[in-house]
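Quick notes on the structure that follows.
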Amino acid sequence: MRISFGRVAARFTSLLPGRSDLAEIRRDPRRDLLAGLTVAIVALPLALGFGVSSGLGAEAGLATAVIAGALAAIFGGSNLQVSGPTGAMTVVLVPIVAEYGPGGVLTVGLMAGVILVALAVLRAGKYMQYVPAPVVEGFTLGIACVIGLQQVPNALGVPKPEGDRVLVVTWHALQEFAENPNWTALAFALAVAAVMLIGARLRPTVPFSILTVIAATIVAQVAGLDAAKPIGDLPSGLPAPSLAFLDLGSLGSLLAPAVAVAALAALESLLSASVADGMTVGQKHDPDRELFGQGLANIASPLFGGVPATGAIARTAVNVRTGASSRLASLVHAAVLAVIVFAAAPLISRIPLAALAGVLLATAIRMVEVGSLKAMAKATRSDALILVLTAVATLALDLVYAVIIGLAVAGALALRAVAKQARLEEVPLDQGDHSAEEHALLAEHIVAYRIDGPLFFAAAHRFLLELAEVADVRVIILRMSRVTTVDATGALVLKDVVEKLNRRGIVVMTSGIRAGQRQVLDSVGALELLRREGREYATTPEAIQGARTYLECAGVMPALPAQMSRPVSEETEEAVG
């Protein structure tokens with residue numbers, strides 16, 4: 001398909017911010033300022049923690065929250081979305097860091113940003129709505145487990161073991177803790193997590209994450225607890241933008257990870273934007289603009305040393321609950337974090353890693369919606385199977401494979417369900433136009449089958465097996481007016497059926513082929529096979545009349561009287577099914 005330059009330019013222009021965005025910002029700036037400040041307070045420990053978990057350090061998490069958060073707020077497709085480093089993305093980045101190093105991660109983020117922009121221009125955002133709910137729930141459950149396990153080394157106060165498999169790393173961390181226990185770090189992590197979880201139930205509007213981190217830092221400093229290892233030195237400001245990390249020779253090997261990162265960024269961002277829409281009245285995101293904004297954010301973030309970013313469900317939810325009404329709140333969130341980076345870097349560097357691990361442990365636990373999991377598990381066996389497989393694959397493999405496996409299983413089960421709806425049913429010929437003796441002779445030589453539902457690869461071969469067993473007839477009429485869809489496999493199977501039955505001396509006639517299905521039947525030669533013998537009819541009564549005429553000419557049955565040989569009406573056809 002050829003797309004003109006002007007058309008591409010028009011699509012690109014439609015993705016840019018417009019006057020309506022400025023009007024939204026002016027509507028209630030005071031509430032947006034308060035919401036942005038609240039989100040920044042919640043986002044600070046998360047940005048630090050996810051930066052540390054990714055392997056690039058706390059400064060990478062802060063740079064991502066500032067740069068990606070601001071650009072996604074300006075160019076994104078949601079008024080309420082808050083973007084930055086997330087746990088799901090961290091899970092994907094850990095093995096990339098282990099194999100390609102920090103420079104590889106920055107390159108992957110840049111490439112993923114370009115892919116997201118391309119998807120936006122191609123208007124691919126609408127296709128994300130086809131991801132089944134069990135895949136999303138299983139994906140979220142698996143991510144929560146992985147995020148929690150990733151915090152085990154810091155929560156136990158032991159050096160992070162080598163490796164990129166979270167289960168193996170966790171096991172080695174437990175062994176190290178058993179040999180050299182660090183009860184101080186464990187106490188910090190459990191205390192922070194417990195206060196956050198209990199506080200969220202009692203006072204959901206209070207930002208317990210930042211309060212517990214501040215308290216843990218003060219205790220560690222006042223008590224001189226060396227066992228509570230701090231984050232370490234942070235730069236007082238963002239680095240100058242640079243492409244020094246880019247190695248053109250490695251682009252080929254990094255393409256697959258970049259596609260994986262782009263897919264995850266698209267999935268999580270659009271899911272988060274949908275959640276935000278559901279929490280409000282009158283808000284609706286533009287999926288293509290959201291992909292465009294996330295693409296620009298991921299192109300810019302690596303230039304400042306930041307990791308790939310996505311829309312963040314937890315921070316977006318806080319933004320909505322605190323009264324945000326426009327993208328100004330997300331911009332304020334990024335600006336506040338930028339001020340903190342420039343003004344409070346020495347203080348942030350003293351935060352214990354165990355305290356950040358506690359924040360992320362609590363975050364992982366709160367990601368699991370027990371009610372949603374129970375509802376999904378009780379819905380159908382297929383939904384429960386998809387959910388469990390996706391969650392296990394997320395934990396044992398990685399997120400991209402998990403989504404692919406979940407989608408593949410969901411697709412296979414959906415096809416199986418659709419295929420079961422397809423039926424090949426023998427229908428009685430009209431008895432009203434014949435005497436009992438004539439009808440017995442007619443029924444002995446003519447059989448009519450009605451195909452209901454889709455005739456496609458998942459169901460077509462059942463029809464071949466059923467029709468191949470037909471015996472003691474001279475004419476088969478296939479009623480196809482209720483066929484909902486036909487694919488190439490179904491058309492080939494139909495052609496094969498006709499040819500095999502013809503070789504056995506059985507004539508096949510069809511009726512009611514829809515106009516939209518003729519192309520695929522014609523492309524494989526099935527339609528021509530019927531046409532050349534004059535055996536395709538518009539209606540079933542015409543096909544019955546054609547069968548009578550054929551049998552009369554073949555001398556199988558006597559000619560019927562004129563009043564008997566007239567075709568039955570369309571009303572009669574529907575009456576006999």
Side-chain angles (χ1 to χ4, degrees), residues 15-44 46-47 64-89 116 120 125-126 128-129 136 140 200 204-205 207 209 265-298 301 309-338 363 366-367 369:
L15 299 172
L16 297 176
R19 293 183 178 179
S20 60
D21 299 316
L22 185 59
E24 290 285 344
I25 289 175
R26 292 175 175 173
R27 180 174 299 176
D28 197 347
R30 183 174 299 179
R31 291 181 62 185
D32 287 331
L33 289 171
L34 179 60
L37 178 61
T38 305
V39 175
I41 293 172
V42 173
L44 177 60
L46 294 176
T64 306
V66 174
I67 301 301
L71 286 174
I74 295 172
F75 294 98
S78 170
N79 287 326
L80 306 174
Q81 179 92 285
V82 179
S83 300
T86 62
M89 187 60 73
L116 288 171
K126 58 185 177 183
M128 298 304 296
Q129 64 183 315
V136 175
T140 305
T205 59
S209 58
L267 176 64
E268 190 172 13
S269 299
L270 294 178
L271 174 62
S272 176
S274 298
V275 170
D277 290 347
M279 295 176 66
T280 59
V281 177
Q283 293 283 355
K284 184 173 178 59
H285 74 282
D286 183 330
D288 295 322
R289 275 194 63 186
E290 184 59 31
L291 291 180
F292 182 71
Q294 295 296 335
L296 293 182
N298 280 286
S301 180
T310 75
I313 295 178
R315 277 157 274 178
T316 299
V318 171
N319 194 39
V320 175
R321 292 192 187 112
T322 49
S325 61
S326 77
R327 56 192 70 226
L328 177 61
S330 300
L331 276 171
V332 170
H333 138 269
V336 171
L337 290 177
T363 301
R366 292 174 64 181
M367 286 177 66
E369 295 286 346

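Note that this is a predicted model, so its numbers are computed, not measured.
- Of the possible donor and acceptor atoms, none in the side chain of S326 sits under 3.5 Å from a partner among the backbone N and O of N79.
- With rounding to the nearest 0.5 Å, the separation of CG in L270 from CG in D288 is 8.5 Å.
- The heavy-atom pair separating N319 from A35 by the smallest distance is OD1-CB, 3.8 Å.
- Between A334 and A70, the shortest heavy-atom distance links the atoms CB-N, 3.7 Å.
- Between the side chain of R31 and the backbone N or O of A324, no donor-acceptor pair lies under 3.5 Å.
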For this session: Take L16 and F292, measure what side-chain contact (heavy atoms from CB on, under 4.5 Å) needs, and give me the verdict at the end.
Result: CA-CA 9 Å; L16 297 176; F292 182 71; 3.9 Å; yes
Exercise. Could you go step by step and tell me if L80 and D277 meet the side-chain contact (heavy atoms from CB on, under 4.5 Å) rule?
Worked result: CA-CA 8 Å; L80 306 174; D277 290 347; 5.7 Å; no
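- Between S272 and Q81, the side chains place a donor N or O and an acceptor N or O closer than 3.5 Å (distance only, hydrogens not considered).
- To the nearest 0.5 angstrom, L46 atom CG is 12.5 Å from I41 atom CD1.
- Atoms OG1 and CG, on T38 and L33 in that order, are 10.5 Å from each other to the nearest 0.5 Å.
- Between the side chain of S269 and the backbone N or O of G311, at least one donor-acceptor pair lies under 3.5 Å.
- Listed here is the closest heavy atom pair of A43 and L337: CB-CD1, 4.3 Å.
- When all heavy atoms are compared, the tightest approach of P17 to R289 is CA-NH2, 3.6 Å.
- The shortest heavy-atom contact between A65 and P85 is N-CD, 3.8 Å.
- You'll find the side chain of I74 stays beyond 4.5 Å of the side chain of R327, heavy atoms only.
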For this session: Mind running side-chain contact (heavy atoms from CB on, under 4.5 Å) on T86 and R315 for me, showing each step along the way?
Result: CA-CA 10 Å; T86 62; R315 277 157 274 178; 4.0 Å; yes
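- Between E290 atom CD and L116 atom CG the span is 10.0 Å, to the nearest 0.5 Å.
- Closest approach of A120 and L291 over heavy atoms only: CB-CB, 3.9 Å.
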